[in-house]
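Structure, as structure tokens:
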Protein chains: 2
Amino acid sequence: MADDRRSTRDRILQACWRLLEEGDGGQTRMSDVAKAAGVSRQAVYLHFSNRAELLVAVTRFIDARSEIDARLAASRQASCGLERLDAFIEAWGNYIPVVHPVCRALLEMAPGDEAARLAWDDRMTALREGCEAAVNALASDNELSAQHPASAATDLLWTLLSIRNWEQLVEGCGWAQVAYVAEMKRLARLAITKPS
Amino acid sequence: MADDRRSTRDRILQACWRLLEEGDGGQTRMSDVAKAAGVSRQAVYLHFSNRAELLVAVTRFIDARSEIDARLAASRQASCGLERLDAFIEAWGNYIPVVHPVCRALLEMAPGDEAARLAWDDRMTALREGCEAAVNALASDNELSAQHPASAATDLLWTLLSIRNWEQLVEGCGWAQVAYVAEMKRLARLAITKPS
DNA sequence: CACGACCTTGACATAGTGTCAAGTGATATC
DNA sequence: GATATCACTTGACACTATGTCAAGGTCGTG
């Protein structure tokens, strides 16, 4: 029974994920998810009290299945600031395509939905903390550009690595994922580290 | 009569603009606009067949009142590529805060509304053409970085100057408008021009 | 058997967009 | 001066998606 319970919940999450990846983007409706999961619309509400909560649960579901923590941990073990910056961009930049479908849906509903907005802000705050840590590592190695205070460097890195920028370059301009990551590494160095 | 007609239409546009600037962002509804313009909700539909059309009309209304064409024309008359790049960033970057409230509304409805999406794409295509022209001017002066083909440099400049990035830095991180413009100029040079 | 957990069915409230039809009042035209 | 036309009002309606509620069904377990 406990197994069945998890299996229904998981089937909903899985179906939602699949629809977000395949479908027309964030326009996936609760009834679509229900149908895809082979369950009634109300069953979805028994597990997730609203759409925002479902989407947030899907992001966690994805996080758990994609070793994101491990990848980010690797970046924290880099031996110097520059290496850490590269590793961080590599980890995050390659994670974006995975979570992007859900992020898109969350982002689309954020303007009109407090819960979605908070969930999104949480995610972005976590990203900013990662950027801040990378900037601090650069500062420790005295590799940080003298152009700005560390907070401004963090702002820049955070903005550079935003999901919107990935969308525009990879989906909008047709850049290959590896080209995107390589270019972000190059730009980050130019923007916030000392000229070599 | 012809005067009255334009005055009602203009009152609607003006009211909509004001609400978008003051209000909670793109959540402004048709009935809000009607009320603010002192007109019935249906009167709004007599002038604009749907919300997307109204928003597009507001952007044109703003364009007309903000000498954007003149500012951009100035950037086209720059005597060298680098100067032109700066002038373009100056013109566009300082225009963003003016149109931003409407762009935000248009952007928020774009995912679910074909008309809004097309209108947005149009605007962004125009911006991209401006970026492309600036990149070409740099190429003519042999000032373009050898890192990428011109199209990739255009992609980068276009992405750098996106409204989302302005939102994040100015509204999200609290950067002053002048700091934003200055930093975009610096980054654009680093990203796509030859190192000096 | 009876209970409870999980799920279904179907009805309902709500919010906002866009449509429709009938009516009003001022202005222009014959 | 009657009449037609234009710009607008009023009020009702259809539609879509979210989220809520109540009543009932099914299955495993005590």
Side-chain angles (χ1 to χ4, degrees), chain A residues 1-16 19-20 23-58 104-119, chain B residues 1-16 19-20 23-58 104-119:
Chain A
M1 211 56 196
D3 258 6
D4 272 21
R5 176 207 216 141
R6 231 188 63 197
S7 117
T8 295
R9 201 188 130 98
D10 278 12
R11 254 187 312 149
I12 293 171
L13 290 171
Q14 198 92 41
C16 185
L19 286 178
L20 289 169
D24 289 335
Q27 295 308 100
T28 308
R29 291 155 304 189
M30 296 299 264
S31 53
D32 297 331
V33 174
K35 190 182 295 181
V39 112
S40 72
R41 192 170 68 92
Q42 273 50 39
V44 180
Y45 283 101
L46 290 178
H47 289 279
F48 311 95
S49 61
N50 50 47
R51 208 174 99 102
E53 196 176 304
L54 170 61
L55 293 177
V56 171
V58 173
R104 186 172 160 191
L106 214 45
L107 252 160
E108 282 178 14
M109 77 181 294
D113 186 300
E114 185 75 0
R117 208 177 49 67
L118 290 176
Chain B
M1 208 59 194
D3 258 7
D4 271 21
R5 175 205 216 140
R6 235 192 55 202
S7 116
T8 295
R9 200 188 131 98
D10 278 12
R11 255 188 311 147
I12 293 171
L13 291 171
Q14 198 92 40
C16 185
L19 286 178
L20 289 170
D24 289 335
Q27 295 308 101
T28 308
R29 291 155 302 190
M30 297 300 265
S31 52
D32 297 331
V33 173
K35 190 183 294 182
V39 112
S40 72
R41 192 170 69 93
Q42 272 50 38
V44 180
Y45 282 102
L46 289 179
H47 289 278
F48 311 95
S49 63
N50 50 46
R51 206 174 99 101
E53 196 176 304
L54 170 60
L55 292 177
V56 171
V58 174
R104 185 173 161 190
L106 214 44
L107 252 161
E108 282 178 15
M109 79 181 294
D113 186 300
E114 185 75 359
R117 208 178 50 68
L118 290 177

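Within every chain, numbering begins at 1; the chains are lettered A, B, ... in the order of the sequence lines, protein sequences first and strands thereafter.
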For this session: For the side chain of H47(B), starting at C-beta, report the closest nucleotide among dC8(D), dT9(D), dG18(C).
Result: dC8(D)
Problem set entry | Nearest non-hydrogen partners of L106(A) and A116(A), listed with the distance | O-CB, 4.1 Å
Problem set entry | Nearest-neighbour nucleotide for the Y45(B) side chain, dG18(C), dG19(D), dC7(C) considered | dG18(C)
For this session: Report the distance from atom CE of M109(A) to atom C1' of dT16(D), rounded to the nearest whole Å.
Result: 15 Å
Seminar exercise, completed: In whole angstroms, the gap separating P of dG4(C) from CG of L46(A) amounts to 18 Å
For this session: Quickly work out the E53(B) CD to dT19(C) P distance and round it to whole Å.
Result: 11 Å
Exercise. Within the pair T8(A) and dC7(C), is there a side-chain N or O less than 4.0 Å away from OP1 or OP2?
Worked result: yes
Problem set entry | Whole angstrom value for the distance that separates C1' of dC8(D) from CD1 of I12(B) | 10 Å
Problem set entry | Side-chain donor/acceptor contact of R41(B) with base of dG16(C) under 3.5 Å | no
Seminar exercise, completed: K35(B) atom NZ is separated from dT10(D) atom P, nearest whole Å, by 13 Å
For this session: Indicate the atoms forming the closest heavy-atom contact of F48(B) with L13(B), along with that distance.
Result: CZ-CD2, 3.6 Å
For this session: Measure across H47(A) and E53(A) and return the closest heavy-atom pair with its distance rounded to 0.1 Å.
Result: O-OE2, 4.2 Å
For this session: Write down the distance between CG (D113(A)) and P (dG16(C)), rounded to a whole number of angstrom.
Result: 14 Å
Exercise. Rounded to the nearest Å, what distance is computed from the CG atom of residue L54(A) to the C1' atom of nucleotide dG19(D)?
Worked result: 14 Å
Exercise. What pair of heavy atoms forms the shortest contact from G26(A) to E108(A), and how long is it?
Worked result: CA-OE1, 3.4 Å
Exercise. Among dT9(D), dT8(C), dT17(C), which nucleotide sits nearest the side chain of R51(B)?
Worked result: dT17(C)
For this session: Determine the minimum heavy-atom distance between I12(B) and A43(B), stating which atoms define it.
Result: CD1-O, 4.3 Å
Seminar exercise, completed: Here the distance between atom P of dT16(D) and atom CE of M30(A), to the nearest Å, is 19 Å
For this session: With the side chain of Q42(B) defined as its heavy atoms from C-beta on, choose the nearest nucleotide among dT9(C), dT19(C), dG18(C).
Result: dT19(C)
